[in-house]
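To keep things clear, I will list the structure first and then write my remarks on it.
In the text below, chain A, chain B and the rest are named by the order of the sequence lines, each starting its count at 1.
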There are 2 protein chains.
Amino acid sequence: MPLYRVVKRALLGAIEGGTYSPGSSLPSESELAGAFGVSIGTLRKAVDELSAEHLLVRRQGRGTFVASHSADRFLFQFFHVERADGLREVPSVELVSFERVRADEEVASALRLRAGDAVFQIDNRLLLQRRAVIYDRLTVSAALFKGLNEKRLRERSGTIYQMYQTEFGISVVRALERARATAVDRQIARVLGLPLGQAVMQVRRTALSFGDRPVEYRCSTINTAQHDYVNRLSKPNLGAA
Amino acid sequence: MPLYRVVKRALLGAIEGGTYSPGSSLPSESELAGAFGVSIGTLRKAVDELSAEHLLVRRQGRGTFVASHSADRFLFQFFHVERADGLREVPSVELVSFERVRADEEVASALRLRAGDAVFQIDNRLLLQRRAVIYDRLTVSAALFKGLNEKRLRERSGTIYQMYQTEFGISVVRALERARATAVDRQIARVLGLPLGQAVMQVRRTALSFGDRPVEYRCSTINTAQHDYVNRLSKPNLGAA
DNA sequence: CCCAATTTGTTCGTATGTATA
DNA sequence: TTATACATACGAACAAATTGG
């Protein structure tokens, strides 16, 4: 393994282990290079990759920071719904229900648990422009999120992923999504104000932390009458003309 | 603009202009650096970005090549449907119809044409494991693809994007996709063997060439009974343990 | 099978530019 | 203004992969 990857792993371990906490700044590149006993170019290459993976954020003149879950990051990295005309907006979230239940096969498989293990099941309604557009069912391991309850969930400030991070030390770093179309069932039709049987999109997301450890399974039901699910592919990096 | 971006633009222009054609190799890094009068590190940074954007492919010991549209590239960069169990497969394509028609508002807007401009409208049926799963309607400008006809389309070897590239000198470099759920209409229901009104996914893709120039508008209708639309997000680059 | 030439990949170190506080 | 941090640019040396003899 090349040296810069060794350094990258070490940095990753330090971030994961809490040596550098979300939002805080790392030592300067020259300090880090010195500490690892590598050249500054090698250190930079390690940071380059972590930065491309959204784990670090670099700011010229200021420093390098551990990425934290701002509303902006949520919008651009994890929220894939926008209005048909392209308007992007942070959704407002309404908690519908909070329950402690047993994992079924699907959830257990996604979260690498055993069927029957205790999980928290959180149902949310997401509003865009004051209209209910998405119904989310989040499932997380009760063992991993020990002490989570409805009160803490309601009283959080910021996004759910921000709460995972600040209150449980769990950082969601990326997600896998699989989408399909289906006819809406009665419960969700009611919550989203749709006729029964309307075609809706269902997006199943597994949110991963360091080392691809699954920490949340989410099934989103989207009313795509006025909105689209957007797949943001790699954008070239050309700079201004 | 930093020097490496100047070099990048120059390389991009040379690729776009056909100085280096798809599949062919570029001069070695040291030659290019010499030709541009920059250091090898600066040249490498330009190539790094073009490589990250899938416009160039580097192979240690062999050289740097202009990306071409292989079946593999199609599968990983542009084909987002896989079986629910994760099986990925290059679809087999059956031409359903080829017509020369007038662009409607939607197509014209996507392709930056005027409504009423001549376009080719190509309907394809895509099979996975011998079952029809996707119905594609491709629209391209007749002016841009001058001389395209059903015969040439049928007799192509390889993917459609490969044909765009080799026969028309048009390289699709990235794509934007917006998905929604809808009830299947009669025509497509018949072609995909679905009951009328079944919920299906509809994916509208605008395929872009250099400089974000739109070259194809594609509306895919997907039967998601056994398959999912997958959003491949950034994967970390950790190498083996 | 091995060797030599070629090409990209990695690592080093230094100097200078640019943004921020 | 000054100090600090990241960004860019240079050049050199060696490693690793590939190819052809």
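Of the side-chain N and O atoms in A:S39, none sit less than 4.0 angstrom from OP1 or OP2 of C:dG13. OP1 or OP2 of C:dC12 has at least one side-chain nitrogen or oxygen of A:T42 nearer than 4.0 Å. At least one side-chain nitrogen or oxygen of B:R62 sits closer than 4.0 Å to the OP1 or OP2 atom of D:dT19. Residue A:T64 places at least one side-chain N or O under 4.0 Å from the OP1 or OP2 atom of D:dC6. Here A:R59 does not reach the OP1 or OP2 of D:dA5: none of its side-chain N or O atoms lies under 4.0 Å away. Residue B:K45 places at least one side-chain N or O closer than 4.0 Å to OP1 or OP2 of D:dT8.
At least one cation-pi condition fails for A:R137 and A:Y217: the charged atom is not both under 6.0 angstrom from the six-membered ring centre and inside a 45 degree cone around its axis.
Residue-level contact check: B:G63 touches the backbone only, with heavy atoms under 4.0 Å from sugar-phosphate atoms and none from bases.
Here the OH atom belonging to A:Y164 is positioned 8.0 Å from the CG atom belonging to A:L148, to the nearest 0.5 angstrom. Residue A:L43 holds its CG atom at 10.5 Å from CD of A:E31, rounded to the nearest 0.5 Å.
Rounding to whole angstrom units, CG of residue B:L56 and P of C:dT8 are separated by 11 Å. The CZ-P distance, from A:R44 to D:dT8, rounds to 7 Å in whole Å. Between the CZ atom of A:F65 and the C1' atom of C:dA19 there is a distance of 12 Å, given to the nearest Å. Atom CG of B:L3 is separated from atom C1' of C:dT18 by 16 Å (rounded to the nearest Å). Rounded to whole angstrom, the span from the OH atom of A:Y4 across to the C1' atom of D:dA15 amounts to 13 Å.
If you find the closest nucleotide of DNA chain C to A:I40 and to B:P27, the one lying nearer the 5' end belongs to B:P27.
The aromatic rings of B:F78 and B:H69 lie tilted to each other, with the angle between the two planes from 30° to 60°.
Taking 3.5 Å as the limit, the base of D:dA16 and the side chain of B:Q60 contain a donor-acceptor pair of atoms between them.
Residue A:E29 has its side chain nearest to D:dC6 when only D:dA5, D:dC6, C:dT8 are considered.
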